[in-house]
Amino acid sequence: MIIKVLDKKTPEALLVPLIQDEQLSARLELIAQRAGVDASLLQQDFKADSKEIFVLYAGNAPMRRLYLLGLGKKAGFPEVQAAFRAFSHRFKQKLPLRVGIDLRDLPADLIPRLSEAAVCGMLLGLYQIGLFQSDREQKPAPQFGSSRSQLDLLVAPELQESVGKAIHRAEVFAEASVAIFDLMNTPGNYKKPQQVSDLVLALAEKHEFSASVLDKTALEKIGMGALLGVGQGSVNPPALLVLEYGARPRKQKRPVLGLVGKGVTFDTGGISIKPSGNMQYMKSDLGGAAAVIGAFMVIARLQLPIRLVAAIPLAENMPDAAAIKPGDVLRSFSGKTIEVTDTDAEGRLILADALSFLIDREKCDVLIDLATLTGSIIRAIGTQAAGLFSSNELLIERLRSVGANCGERLWPMPMWEEYGSDLKSDVADLRNFTGKPMAESISAAKFLEHFTAKHPAWAHLDIAGTAFGDSEFATTKSGTAFGVRLLVEFAEQMHEHFGA
Ligand code: BES
Ligand code: MN
Ligand code: ZN
């Protein structure tokens with residue numbers, strides 16, 4: 001699709017986003033007048049509620065459709081993206097080859113940011129789930145969205161340059177998000193650790209960041225006993241992906257951001273096996289890895305002036321004769337020994353090795369891990385936010401603010417010392433599960449802290465409730481790409497507070 005900025009020239013289908021504010025009625029009056037329809041009826045029937053869509057056929061201009069799109073009361077980035085995404089998803093089959101969006105009525109200072117949200121929403125709404133449906137090829141592809149189609153953004157001439165940049169950003173984010181949706185929605189038998197590594201190597205080449213893989217033999221050599229332990233029950237061996245973008249800072253200062261993402265390609269629970277109801281959702285247990293991969297795709301494309309490094313542990317958690325058993329002791333990469341009291345608390349084991357590996361290898365100004373780590377965070381705060389665990393107040397504040405602004409909300413959780421006391425083991429340095437059914441997302445974070453304690457700016461994000469959820473694309477749950485925008489937008493402003 002070609003996306004252009006224009007100042008007039010209205011195509012045959014024009015989308016007009018409208019905020020539910022005091023000016024709505026005056027705006028509708030003008031629209032009604034121009035289209036030659038009754039103003040008072042329009043004012044009665046269209047309230048600009050969030051995602052409300054109203055189609056007008058202009059009486060005075062043949063073959064023109066006007067789509068009024070409600071944004072609700074507060075039109076920030078997340079609201080605008082959601083409204084446009086819902087619109088393009090619903091109308092994609094009906095839209096003509098050329099569609100325009102009239103942004104001229106939005107507050108001028110917000111137009112570049114909101115045009116990014118609008119374009120990103122339009123592109124994401126075209127996403128097709130159903131990777132393995134045999135009629136996928138046969139379905140008539142909507143003409144809007146094809147390479148011949150065009151999206152025009154109508155803005156005042158003085159805003160054309162900044163909106164042009166916003167369009168590019170939207171395209172980069174949309175491409176990465178779609179790749180992450182696919183990775184999350186792919187079934188477990190098509191995304192074994194080796195297949196995920198191959199995918200990331202290909203993405204690295206295309207997006208120009210570097211990627212290397214430590215296979216099982218390499219992991220044995222460096223002593224990654226926790227990651228190896230989790231993977232040992234599977235015929236598909238574990239691996240560690242190491243990603244890098246941007247030169248090491250020398251004289252010219254560049255902040256360094258370190259990322260770790262949980263990449264459990266399927267989590268059966270292992271010998272501490274999960275109940276079978278809804279176990280299929282555990283193909284989503286690489287949501288942290290997916291967010292990190294997506295962030296690399298975007299940051300490398302946008303050429304952000306930072307250095308970005310990541311360690312992504314990949315493993316399949318299976319019950320098997322060779323699998324780890326409750327009570328087994330693993331020797332982690334850090335040297336600390338861990339008693340595995342529950343094989344279903346596998347995420348923290350593989351994260352422990354990846355975190356200490358990254359800390360060992362690189363001096364990061366900020367270190368963030370993301371993981372679909374606990375059901376407990378879903379019980380605590382649901383699907384509206386991810387749990388944020390850190391002892392660095394400034395980092396908490398910055399991450400929360402970036403998240404709120406882009407619609408990937410974070411909510412801070414306590415990290416008091418007492419929460420860690422139940423992790424003592426009688427046979428090893430620590431155990432991976434307290435044995436108590438309470439505050440499990442917090443004790444998981446306290447477990448990770450044992451492997452990051454020396455890092456002054458570390459945050460752990462428990463994205464179990466946000467990485468995979470309800471959407472317009474699917475009847476059940478599907479990948480959300482939660483974390484990609486959060487990480488990129490944090491990276492864009494991190495030099496103001498960290499490193500450099
Ligand atoms: N991958 C799960 C957490 C999860 C649950 C993610 C639901 C998404 C949706 C994780 O490995 C797990 O099994 N956690 C256990 C921890 C427990 C054994 C301490 C849990 O949350 O029950
Ligand atoms: Mn588990
Ligand atoms: Zn898991």
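For ligands, and for the atoms within them, numbers begin at 1 and follow the listed sequence.
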Flag this pair as yes if the NZ/CZ of [X] is under 6.0 angstrom from the six-membered ring centre of [Y] and inside a 45 degree cone about the axis; otherwise no.
X: Arg398; Y: Phe490; value: no
X: Arg113; Y: Phe77; value: yes
X: Lys51; Y: Phe87; value: no

[X] neighbourhood, listing ligand 1 atoms whose heavy-atom distance to it stays under 4.0 Å:
X: Lys262; result: 1 (N), 10 (C), 11 (O)
X: Ala464; result: 6 (C), 8 (C)
X: Glu346; result: 11 (O)
X: Ile378; result: 7 (C), 9 (C)
X: Arg348; result: 16 (C), 19 (C)
X: Thr372; result: 1 (N), 2 (C), 3 (C), 6 (C)

Geometry only, no angles: is [X] polar-contacting ligand 1 at N/O separations under 3.5 Å?
X: Thr374; answer: no
X: Lys274; answer: yes
X: Asp342; answer: no

- Are Phe181 and Phe473 near enough that their ring centres are under 6.0 Å apart?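 Yes, close enough.
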- Does Phe296 have its ring centroid less than 6.0 Å away from the ring centroid of His207?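 That pair fails the under 6.0 Å test.
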- Run the side-chain contact (heavy atoms from CB on, under 4.5 Å) check on Ser391 and Glu449 step by step: do they pass? CA-CA 10 Å; Ser391 300; Glu449 200 178 39; 3.7 Å; yes
- Message: Please state which option from Asp344, Asn317, Leu349, Thr466 has its nearest heavy atom closest to atom 15 (C) of ligand 1.
- Response: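 Closest candidate by heavy-atom distance is Asp344.
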- Task: Out of Thr341, Val230, Ile350, Leu373, indicate the one that has the non-hydrogen atom closest to atom 10 (C) of ligand 1.
- Result: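 Result: the heavy atom closest to atom 10 (C) of ligand 1 is in Leu373.
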- Item | Carboxylate-amine/guanidinium contact Arg85 Glu472, below 4.0 Å |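 Counted as a salt bridge, because a side-chain N and a carboxylate O are separated by less than 4.0 Å.
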In [X], the N, O or S atom nearest to the Zn ion (ligand 3) is which?
X: Glu346; result: OE2
X: Asp285; result: OD2
X: Asp267; result: OD2

- Item | For the Mn ion (ligand 2), the closest N/O/S atom belonging to Glu346 |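 For Glu346, the N/O/S atom sitting closest to the Mn ion (ligand 2) is OE1.
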Do [X] and [Y] have side chains that get closer than 4.5 Å, going by heavy atoms?
X: Asp369; Y: Leu461; answer: no
X: Leu71; Y: Val80; answer: yes
X: Val264; Y: Glu346; answer: yes

- Task: Would you tell me whether Asn185 and Tyr127 have side-chain atoms, one donor and one acceptor, within less than 3.5 Å of each other?
- Result: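 Short answer, yes.
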For [atom], what is the closest protein heavy atom, and at what distance to 0.1 Å?
atom: atom 20 (C) of ligand 1; value: Gly375 N, 3.9 Å
atom: atom 17 (C) of ligand 1; value: Glu440 OE2, 3.8 Å
atom: atom 9 (C) of ligand 1; value: Met282 CE, 3.5 Å

- Does any N, O or S atom in Gly347 come within less than 2.8 Å of the Zn ion (ligand 3)?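 For Gly347, the answer is no, given that no N, O or S atom comes within less than 2.8 Å of the Zn ion (ligand 3).
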Tell me whether [X] contacts the main-chain N or O of [Y] through its side chain, where contact means a donor paired with an acceptor under 3.5 Å.
X: Ser234; Y: Pro237; answer: no
X: Gln195; Y: Lys191; answer: yes
X: Arg409; Y: Ala385; answer: no

- Message: Need one value: angle at the Mn ion (ligand 2), Asp344 atom OD1 versus Asp267 atom OD2, rounded to 10 degrees.
- Response: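 Roughly 100°, rounded to 10°.
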- Message: Can you confirm whether some protein heavy atom lies under 4.0 Å from atom 1 (N) of ligand 1, or whether none does?
- Response: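 Protein heavy atoms within 4.0 Å of atom 1 (N) of ligand 1 - there is at least one.
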- Item | Structural part of Arg379 in contact with ligand 1, heavy atom criterion under 4.0 angstrom |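 Looking at Arg379 and ligand 1, no heavy atom falls under 4.0 Å.
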- Message: Checking contacts here: is it the side chain or the backbone of Val264 that comes within 4.0 Å of ligand 1, counting heavy atoms only? Could be both or neither.
- Response: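 Neither part.
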- the Mn ion (ligand 2) to Asp285: any N/O/S contact under 2.8 Å?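 Of the N, O and S atoms in Asp285, none lies under 2.8 Å from the Mn ion (ligand 2), which means no.
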